[in-house]
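Read through the structure below, which is laid out as structure tokens, and then see the notes.
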Amino acid sequence: MTGATGLTGKLFLQQLQTVLPEQKLHCLIRSNSNKEIISDVKLHFNFCTGDSSEQHSWSHILKTISVETIIHLAQLRHVSTILQSLTELNIFPRLIIIGTTGVYSRYNQYSSDYKIAEDELRHYEGTYCLLRPTMIYGSHRDKNLHKLIRFCDRHQFFPVFGSGQSLLQPVHADDLAQALLAVLLNPQIEGAYDLSGGTVVTFLELLALVEKLLGKPVRPLRVPYNLGLWSATLAETLLRERSPIRREQILRLQEDKAYSHEAATRDFGYAPRSLEVGLTQEIEILRAEGII
Ligand SMILES: NC(=O)c1ccc[n+]([C@@H]2O[C@H](COP(=O)([O-])OP(=O)(O)OC[C@H]3O[C@@H](n4cnc5c(N)ncnc54)[C@H](OP(=O)(O)O)[C@@H]3O)[C@@H](O)[C@H]2O)c1
């Protein structure tokens, strides 16, 4: 397994230990990964230090241990490296991979790597299941929504680039973790599934929901789209990794990002919580952590 120390990874492990407490698990972690994050999970871990983007990490691990299933949560772009290692060793374990609905983006510069990885996966000799989440949320460890909530809590406004009418369907990390478990326990589940959340909202509706749940006003501050794009481009050029906003985020904010999860519901009972329930839980966590 990769990504054990991540947001979804830890929630998955917590669910796994309730159904398979004796499960042995080899985790590929980086030398600077914080293992403390999963110290309260009581599974039989064997930690292998490496980097899932590097072939020698995979070759080394796969030569020393025998695996039935690889659960790869770290990054879809690493799939090619994993497949090369498996082909070289002529072993074909079951693969469970987290991808992204970002593969559907019309901006090719952001989706082409994902499309290539998915294409390679389609030609894998073994069986695989690819789960494509939408934007993941759930706690201060998520990449997007906790920052939006904290900003709204502090400043009581939020910039809206363009119309604010584009659609979102964020998925709670715990629902994604539950889907991973269902797939792991049911080897007949194969192929690719989109995993979106229980509610579709426009960006303006999302702000209104955050306003309601925080119990304080959150005013949408309209920013012309081109000005937003120009500012993000400039900030990224000057600040690079430290830029608070990325050009991709502004571009992709204009895209509808709602996707049906009907196939997952039909095949393994996927039933994500509503956004109102998930955000209420996230706000509780942020308050308990003293973040808001
Ligand atoms: N965040 C989103 O909105 C979103 C949307 C769609 C899809 N996804 C995908 O969903 C997956 C899970 O997302 P998440 O937000 O739960 O993850 P996360 O909290 O960002 O955690 C990522 C995990 O992957 C590990 N990792 C990253 N690069 C690695 C490498 N080169 N070698 C070994 N381990 C590596 C990290 O280890 P460390 O502890 O060392 O950092 C961490 O355990 C990711 O593949 C992500 O790309 C995310």
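Computed over heavy atoms, backbone and side chain alike; hydrogens, waters and symmetry mates excluded. Just follow the structure's listing: the first ligand is 1, and inside any ligand the first atom is 1. Please read all numbers here as calculations on a predicted model, not as lab measurements.
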Distance under 4.0 Å to a non-hydrogen atom of [X]: what atoms of ligand 1 satisfy this?
X: Leu73; value: 11 (C), 12 (C), 44 (C), 45 (O)
X: Pro133; value: 6 (C), 7 (C)
X: Thr100; value: 6 (C), 7 (C)
X: Ile98; value: 9 (C), 10 (O), 11 (C)
X: His78; value: 30 (C), 31 (N)
X: Asn144; value: 3 (O)
X: Gln75; value: 45 (O), 47 (O)

Exercise. Mind checking whether Ile71 and Tyr124 sit in one hydrophobic cluster, side chains of I, L, V, M, F, W, Y counted as touching below 4.5 Å?
Worked result: no
Among all protein heavy atoms, pick out the one at the shortest distance from [atom]; state its residue, atom name and that distance to 0.1 Å.
atom: atom 13 (O) of ligand 1; answer: Ile136 CD1, 3.6 Å
atom: atom 21 (O) of ligand 1; answer: Gly6 CA, 3.2 Å
atom: atom 23 (C) of ligand 1; answer: Gly3 CA, 3.6 Å
atom: atom 40 (O) of ligand 1; answer: Ser33 OG, 2.6 Å

With a 4.0 Å cut-off, would you call [X] and [Y] a salt bridge?
X: Arg246; Y: Glu248; answer: yes
X: Glu284; Y: Arg287; answer: no
X: Asp119; Y: Arg122; answer: yes
X: Glu276; Y: Lys212; answer: yes

Exercise. Any side-chain donor paired with an acceptor under 3.5 Å for Glu282 and His146?
Worked result: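 Side-chain D/A pair, Glu282 to His146: absent.
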Exercise. Counting heavy atoms only, which part of Thr134 comes closer than 4.0 Å to ligand 1: side chain, backbone, both or neither?
Worked result: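 For Thr134, the contact with ligand 1 is made by the backbone alone.
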Exercise. So which bit of Asp51 gets within less than 4.0 Å of ligand 1, heavy atoms only: side chain, backbone, both or neither?
Worked result: both
Problem set entry | Atom CD of Gln109: over 12 foreign heavy atoms under 6.0 Å |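 More than 12 within 6.0 Å, yes.
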Taking distance alone, with no angle check, do [X] and ligand 1 share an N/O pair under 3.5 Å?
X: Thr8; value: yes
X: Gly9; value: no
X: Leu28; value: no
X: Thr5; value: yes
X: Leu7; value: yes

Exercise. Would you find a donor on one side and an acceptor on the other, under 3.5 Å apart, between the side chain of Lys216 and the backbone of Asp153?
Worked result: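 Flag set: sc Lys216 to bb Asp153 pair under 3.5 Å.
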Atom pairs and distances, side-chain donor-acceptor, residues 10-19, under 3.5 Å, sequence neighbours left out:
{"unit_1": "Lys10", "atom_1": "NZ", "unit_2": "Ile37", "atom_2": "O", "d": "2.9"}
{"unit_1": "Lys10", "atom_1": "NZ", "unit_2": "Asp40", "atom_2": "OD1", "d": "3.1"}
{"unit_1": "Lys10", "atom_1": "NZ", "unit_2": "Asp40", "atom_2": "OD2", "d": "3.4"}
{"unit_1": "Gln15", "atom_1": "NE2", "unit_2": "Asp174", "atom_2": "O", "d": "3.2"}
{"unit_1": "Gln15", "atom_1": "NE2", "unit_2": "Asp174", "atom_2": "OD1", "d": "3.0"}
{"unit_1": "Gln17", "atom_1": "OE1", "unit_2": "Lys42", "atom_2": "N", "d": "2.7"}
{"unit_1": "Thr18", "atom_1": "OG1", "unit_2": "Gln15", "atom_2": "O", "d": "2.6"}

For this session: Just grab all the ring-ring contact (aromatic ring centres under 6.0 Å, His included) pairs involving residues 237-266, residues at least two apart or on different chains.
Result: Tyr104-Tyr259, His261-Tyr270
For this session: Indicate yes or no: at least one non-hydrogen side-chain atom of Leu86 is less than 4.5 angstrom from one of Leu95.
Result: yes
For this session: Could you name the option among Ser52, Gly99, Ala74, Gly102 that has the heavy atom nearest to atom 7 (C) of ligand 1?
Result: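 Considering heavy atoms of Ser52, Gly99, Ala74, Gly102, the nearest to atom 7 (C) of ligand 1 sits in Gly99.
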For this session: Closest by any non-hydrogen atom to atom 41 (O) of ligand 1: pick that one out of Arg30, Lys257, Lys143, Arg132.
Result: Arg30
For this session: Please work out whether the ring planes of His72 and Trp58 are parallel, tilted or perpendicular, with thresholds of 30° and 60°.
Result: perpendicular
